[in-house]
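Read the structure below first, then the notes.
Per chain, numbering begins at 1; letters A, B, ... match sequence-line order. All values reported here derive from a predicted model rather than from experimental measurement.
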Amino acid sequence: MQKAYDPESFETRIYEWWEKNKCFRAEDESKKPAFAIAMPPPNVTGALHNGHALGDTIQDALTRWKRMSGYNALWMPGTDHAGIATQMVVERHLAKQNIKRAEIGRAAFVQKIWEWKEKHGDIIMTQKRKLGVSADWERSRFTLDPGLSKAVREVFVSLYEQKLMYRGTRLINWCTRCQTALSDLEVIPTERKGNFWHIRYKSADGKVTLVIATTRPETLLGDTAVAVHPEDGRYKQLVGKKVKLPLLNREVPVIADAYVDKDFGSGALKVTPGHDFNDYDLGKKHSLPILSVFDKQGRVNAEGQQYKGLKILEARDKVVTDLEAQGLLERIEPHTHSVGLCQRCDTVVEPMISDQWFVNVKPLAEKAIEVVRRAEKLSLAEVDRRDDAIKIVPEGWTNTYYQWMENIRDWCVSRQLWWGHQIPAWYCAKCNEITVSREDSTKCAHCGGSELKQDEDVLDTWFSSALWPFSTLGWPEKTKSYRTFYPTSVMETGFDILFFWVARMIMMGLHFNDGKVPFKRVYLHAMVRDEKGQKMSKTKGNVIDPLDIIKDYGADAFRFTLASMAGQGRDIKLSLERIEGYKAFCNKLWNAARFALMRLGFLEGELPPGLKVIAAPDFSVITQGKPLEEWITSKRKHFHPINQWILARLDLATERVNVAMEEYRLNDAAAEIYEFVWHEYCDWYIEFSKELLNSHQEETSVCLMHVLDQALRLSHPFIPFVTEEIYQSLPERPGVKRTEPLMLQAFPKASKASLTEESESVGMWKSAIEALRAFRGENNISPKARPKITYEVMASEKHQAFEKGAPYIRALAQLESLSEEKGSSRGDAAVGEVLTRDVKFYIPLKGLVDVEGELKRVQKEKSDTLADIEFVKGKLSRESFIAKAPQELVDKEREKLRFLESKVAEFDRALDRLGRLK
RNA sequence: GGGAACAUAGCUCAGCUGGGAGAGCGGCGCCCUUACAAGGCGUAGGUCACAGGUUCGAUCCCUGUUGUUCCCACCA
């Protein structure tokens, strides 16, 4: 081991060693219980961001923990072809070389994307390796792999056969820049400042004028009605009559519908079924004609007569100008409203009538609701045991999930792109019918014609992602992998893709796997923000690159930070200071290990002169060939209290870590590990051991090594690199071969041995040390001073237990000597007194402390204690408390009061003494 | 409009089913003490957003108010 902790010097080496030794591999067939996580597939164009880092840290910690706990653990990796995103990236890339998609044609363009993918597609996976991701890389899948494509076709065709997939002419979201249809989810409603234009419409006979208000005046070119509320007196006489559309002079009917809000705007609504979703529904209801006035490029078509060829916004300006010129514009009022923007390119999305493929998801959604509802009444453990329930954590998201599922609308799955799964539907030139088929079709299923043309469109990227948990396992084949790992154990991902992905996986998973859920738990992690709580974005320039963090602090420190902050349901504000703190933790562990190894003689050459090195113990001789843990278990009852104490603390920490991990409370597990390693093992046990090794060498050597070994195992899921590096430096010992990686060792399980009476006396020693240190600190006694102190144990039954600790208290409190008080100091004015619960210490003040300072200290202690007494008295004086609180608690409070009062008496004596001295 | 979450020490956050509030970082004081100055020891700092209610007792449970954030639906 190197002297300094330097993660950069070993993380890459360790990772390569694991990979070379196939440590990440899961078995298709195994006697071990299965545990599986499907990794959310990043886009092939992606680069690792902090969201990935958080998810990967959580998933990796869970996988490593399960793997070490005896599970056949599979973490299934892969990448997503990400239709629009990838096509855009490569298009931009080609544009730099002056190559245009339209010019080179579909086949050549798709070829170019594949080339790009081969070259750049694995970058993110390389980055994930830096984080320590222990996924089974040999199983990596890509959504356009032959196997996954087969699954996509199977699902498409089955849905078609079940009449859940259909082609229809509907109003859909159209991005005029991407030139494709979008699903509802891909449209982001965004607040925009605009205007409310109030326009005068005249009745056909020219007698009546009514005013309608609109945010999109250009759409009047496509109006096919004006709607008013049936009970609106202002317009009642117009219902059923016609009004003249301004500018175009086309006549449209006035219809009445309760959908119209009398009090909004002018109470009259222009109806444009061809370019507005609400108007579309209204139009359907009233059998209005549906007019398309914009083309796919977002220009006015021939329907718009004199406006033909203008872009939508140009048409808006022109329409407004013309209305004004004709005196038909009553007024313009600024108005903020929301417009739908394309998720990928921020272009305003236009509702358009178009032929597209849709999935009728309603029937699938009902089942998807059921499985989540079922889990509400079940515990996590129960959910894990079955395959028909899904628990969503944090639970707050279930309501959102239900709400979305209950109001779900048909899913538009066709996209006018080239990169993706081409839709397996063929159109017959002869009879115009559609043939949908698992195999590439050459013959029309309806007329037998052979002139077929495949649908040009591809499927929404999320269509193939929806199959991810089973398509990656070989479905539709019932492979061994599939049988072993489906349903998977947990889906861990960001809440932002709950609908895009999680909801759809649940629907598809249930539908195509005999009602079995795709995963038993859904764990939604928070969003990683910058330290001010702002979303990280390139335009804001506040992006912290995870790779930079790893370079500066090491992957372990970063992982430990993320795990510590992964508390459920809250955004994470990433701060570098916090990461630095956890790097210090890794450093602490590193140095603790170096101490143990050096002190036991396994690590040479760095000890300062004067420190006694123990000849390296041969553990196999000490334990007679038994593994350390087994030997400890059989002997621990007879160990020195300090060793019993650390073993008990280890049991407690182990128990807590396992419980927290079961519930995926990684932050609690991380905190427990931090506390145990630093504040129990390092601060106390190692310090005690310096003295203890002088007298109880064998058992202490074994405990020092064993507890370190167990601490490394407990920490490994969070900080895999540093723990592995240290572990490989530990000496040979029974039951452990040095060449075996830590990541494949057994995760600790708490032994049943509880806190023994012996180990409890260590608590008494610790508080004695703390009290003496505080005395020194408060009185500014030089750390170099070595006072001679005497003690008196108040309760005689504790006398022996305390006495046993004297050498350790002497060592840790830096005393010259600690001996029992024989009466010489008692009552001596020049002797200070320090009280703990069980013991009183007498400290000679001469030359150590100035009397004034000590007086102050005692006075402060006394007044603190008096305040405590007031509090307890207040409690005990309430009769209702005595009557209704549990007897146990009342007794405890009374006992506390007695103790506090005796303390005050002691302080009074001390003050009296000090006063005399002055 | 509907739903969810959050408000705790200067900062970032823990606090499980209600019994006198914790950590990390930062501050202050003393120490380069023999694994670790990325360290050690000590110490200061909080009417747990506000107002009610339930209870012997509320940071914790209930109601309301205020503030922040997010999701869904969008009255043109």
Side-chain angles (χ1 to χ4, degrees), chain A residues 3-5 189 196 212-216 219 227 259-261 263-272 276-279 335 337-338 340 394-400 402-404 407 495-496 498-499 527 531 533 557 561 564-565 567-575 577-578 580-599 603 606-612 659-660 663 665 667-668 671 674-675 679 682-683 686-687 690 770 773-778 780-784 814 868 871-872 875 878-886 889-890 892-893 896:
Chain A
K3 188 158 197 298
Y5 167 62
F196 231 172
I212 60 103
T214 179
T215 54
R216 296 197 58 193
T219 60
Y259 164 78
V260 181
D261 183 346
D263 304 320
F264 190 83
S266 61
L269 173 71
K270 60 191 275 308
V271 185
T272 322
D276 182 284
F277 284 95
N278 292 311
D279 293 5
H335 180 67
H337 61 125
S338 79
E395 263 177 297
W397 286 105
T398 52
N399 264 337
T400 314
Y402 294 140
Q403 204 187 346
W404 187 77
N407 300 306
F495 62 80
D496 49 328
L498 176 62
F499 305 135
M527 179 174 286
E531 46 201 328
T561 308
S564 298
M565 299 176 98
Q568 296 157 12
R570 194 192 266 254
D571 282 351
I572 290 176
K573 289 181 204 162
L574 194 62
S575 88
E577 275 150 25
R578 193 85 188 256
E580 209 166 314
Y582 288 117
K583 185 180 180 186
F585 173 73
C586 295
N587 180 59
K588 188 78 184 174
L589 182 60
W590 180 267
N591 282 297
R594 280 184 62 239
F595 168 79
L597 293 176
M598 276 161 41
R599 192 64 210 271
L603 191 65
E606 292 169 51
L607 282 166
L611 183 66
K612 199 172 107 191
V659 168
E663 293 169 16
R665 286 182 286 110
N667 54 327
D668 286 350
Y674 187 101
E675 170 72 18
H679 299 304
C682 292
D683 285 355
I686 283 185
E687 293 307 322
K690 289 175 180 172
E770 277 165 342
R773 280 175 178 168
F775 179 82
R776 296 178 74 123
E778 282 164 22
N780 277 332
I781 297 175
S782 156
K784 291 191 180 99
Q814 315 258 50
D868 286 354
F871 184 85
V872 177
K875 222 179 208 184
R878 276 198 317 261
E879 288 201 15
S880 52
F881 176 75
I882 309 283
K884 294 194 178 172
L889 192 73
V890 178
K892 229 173 89 187
E893 293 295 320
K896 196 195 267 173

For Glu580(A) and rA37(B), what is the distance between atoms CD and C1' respectively, to the nearest whole Å?
13 Å
Could you identify the nucleotide paired to rA73(B), looking across every strand shown and requiring Watson-Crick or G-U wobble geometry with both distances under 3.5 Å?
none
Find the partner of rC61(B): check Watson-Crick (N1-N3 plus N6-O4 or O6-N4) and G-U wobble (N1-O2, O6-N3) distances, both under 3.5 Å, and reply none if neither fits.
rG53(B)
Using the C1' atom as the reference point in each nucleotide, state the distance between rG18(B) and rC56(B) in Å, no decimals.
12 Å
Using the six-membered ring wherever Trp is involved, compare the ring planes of Phe264(A) and His335(A) and label them parallel, tilted or perpendicular (cut-offs 30° and 60°).
perpendicular
Short side-chain N/O contact to rC36(B) OP1/OP2 from Lys3(A), under 4.0 Å:
yes
With heavy atoms under 4.0 Å as the rule, sort Ala592(A) into base, sugar-phosphate or nothing.
base
Taking for each residue the nucleotide of RNA chain B bearing the nearest heavy atom, is the 5' side occupied by Lys690(A) or by Lys270(A)?
Lys690(A)
In whole angstroms, the gap separating P of rC71(B) from CG of Asn407(A) amounts to 18 Å
Whole angstrom is fine here: how far is it from CD in Gln814(A) over to C1' in rU33(B)?
6 Å
Lys583(A) vs Thr561(A) side-chain heavy atoms within contact, under 4.5 Å:
no
5' to 3', nucleotides 19-32 of chain B under a 4.0 Å protein heavy-atom cut-off (B base, S sugar-phosphate only, - none) gives BB---SS----SSS
Nucleotide forming a Watson-Crick or wobble pair with rC6(B), both distances under 3.5 Å:
rG67(B)
What nucleotide among rG42(B), rC72(B), rA76(B) has an atom nearest to a side-chain atom of Phe264(A)?
rA76(B)
On RNA chain B, does the nearest nucleotide to Trp404(A) precede the nearest nucleotide to Trp590(A) from the 5' side, or the other way round? Give the residue.
Trp590(A)
With a cut-off of 6.0 Å (strictly less than), are more than 12 heavy atoms of other residues, nucleotides or ligands near CD of Glu687(A)?
yes
Give none if rC41(B) has no partner; otherwise give the nucleotide forming a Watson-Crick or G-U wobble pair with it, both distances under 3.5 Å.
rG29(B)
The side chain of Ser880(A) lies closest to which of these nucleotides: rC56(B), rC74(B), rA76(B)?
rC56(B)
Roughly how many Å apart are rC61(B) and rG45(B), using the C1' atom of each and rounding to a whole number?
30 Å
Using the P atom on both, measure rG10(B) against rG67(B) and round to a whole Å.
23 Å
Measure NZ/Lys573(A) against P/rU68(B) and give the value in whole Å, please.
14 Å
With no angle test and no hydrogens, is the base of rC72(B) tied to the side chain of Thr400(A) by a donor-acceptor pair under 3.5 Å?
no
Using the C1' atom as the reference point in each nucleotide, state the distance between rC28(B) and rU69(B) in Å, no decimals.
36 Å
Between atom CD in Glu687(A) and atom P in rG40(B), what is the gap in whole Å?
9 Å
Contact class for Ser575(A) vs. all strands (heavy atom < 4.0 Å): base, sugar-phosphate, or nothing?
nothing
Quick one: label Glu778(A) by what it contacts on the DNA or RNA (base, sugar-phosphate, nothing), any heavy atom closer than 4.0 Å.
sugar-phosphate
Using a 4.5 Å cut-off on heavy atoms from C-beta on, say whether the side chain of Arg594(A) contacts that of Lys3(A).
yes
Using the P atom on both, measure rG15(B) against rU43(B) and round to a whole Å.
26 Å
Length of the line joining Asn399(A):CG and rA5(B):C1', which is rounded to integer Å:
12 Å
Below 4.5 Å, heavy atoms only, C-beta onward: do Leu589(A) and Tyr5(A) meet side chain to side chain?
no
Measuring from the side chain of Ile686(A) (C-beta onward, heavy atoms only), which nucleotide among rC74(B), rA35(B), rC72(B) has the closest atom?
rA35(B)
Select one nucleotide: of rG40(B), rA76(B), rG42(B), the one nearest the side-chain heavy atoms of Glu770(A).
rG42(B)
Interatomic distance, Lys583(A) NZ vs rG39(B) P [rounded to whole Å]
12 Å
Could you check which of rC56(B), rU12(B), rA35(B) has an atom nearest any side-chain atom of Met565(A)?
rU12(B)
Would you mind classifying the nucleic acid contact of Cys682(A) as base, sugar-phosphate or nothing, using non-hydrogen atoms under 4.0 angstrom?
base
Could you tell me the separation between the CZ atom of Arg665(A) and the P atom of rA14(B), rounded to a whole number of Å?
13 Å
G-U wobble or Watson-Crick pairing nucleotide for rU34(B) (cut-off 3.5 Å, both distances)
none
Please measure how far the C1' atom in rA49(B) lies from the corresponding atom in rU68(B), and state the result in whole Å.
11 Å
Looking across every strand, which nucleic acid part, if any, lies under 4.0 Å from Ala213(A) by heavy atom: base, sugar-phosphate, or nothing?
base
Closest non-hydrogen atom pair, Ala660(A) against Asp668(A)
CB-CB, 4.0 Å
Checking N1-N3 plus N6-O4 or O6-N4 for Watson-Crick, or N1-O2 and O6-N3 for wobble, each under 3.5 Å, the partner of rC48(B) is none
Report yes if the side chains of Phe196(A) and Thr214(A) come closer than 4.5 Å at any heavy-atom pair, otherwise no.
no
Can you find a side-chain donor-acceptor pair between Lys270(A) and Thr272(A) that sits under 3.5 Å?
yes
Side-chain contact check for Met598(A): nearest option of rA35(B), rA76(B), rC74(B) is rA35(B)
Do Lys588(A) and Tyr674(A) form a cation-pi contact, if we require the NZ or CZ to be under 6.0 Å from the six-membered ring centre and within 45 degrees of the ring's axis?
no
Give me the distance, rounded to whole Å, that separates rA21(B) from rG29(B) when you measure between the C1' atoms they each carry.
25 Å
Looking only at atom types and distance, does a side-chain atom of Arg578(A) sit under 3.5 Å from a main-chain N or O of Ser564(A), one as donor and one as acceptor?
no
Rounded P spacing from rC41(B) to rC11(B) in Å
27 Å
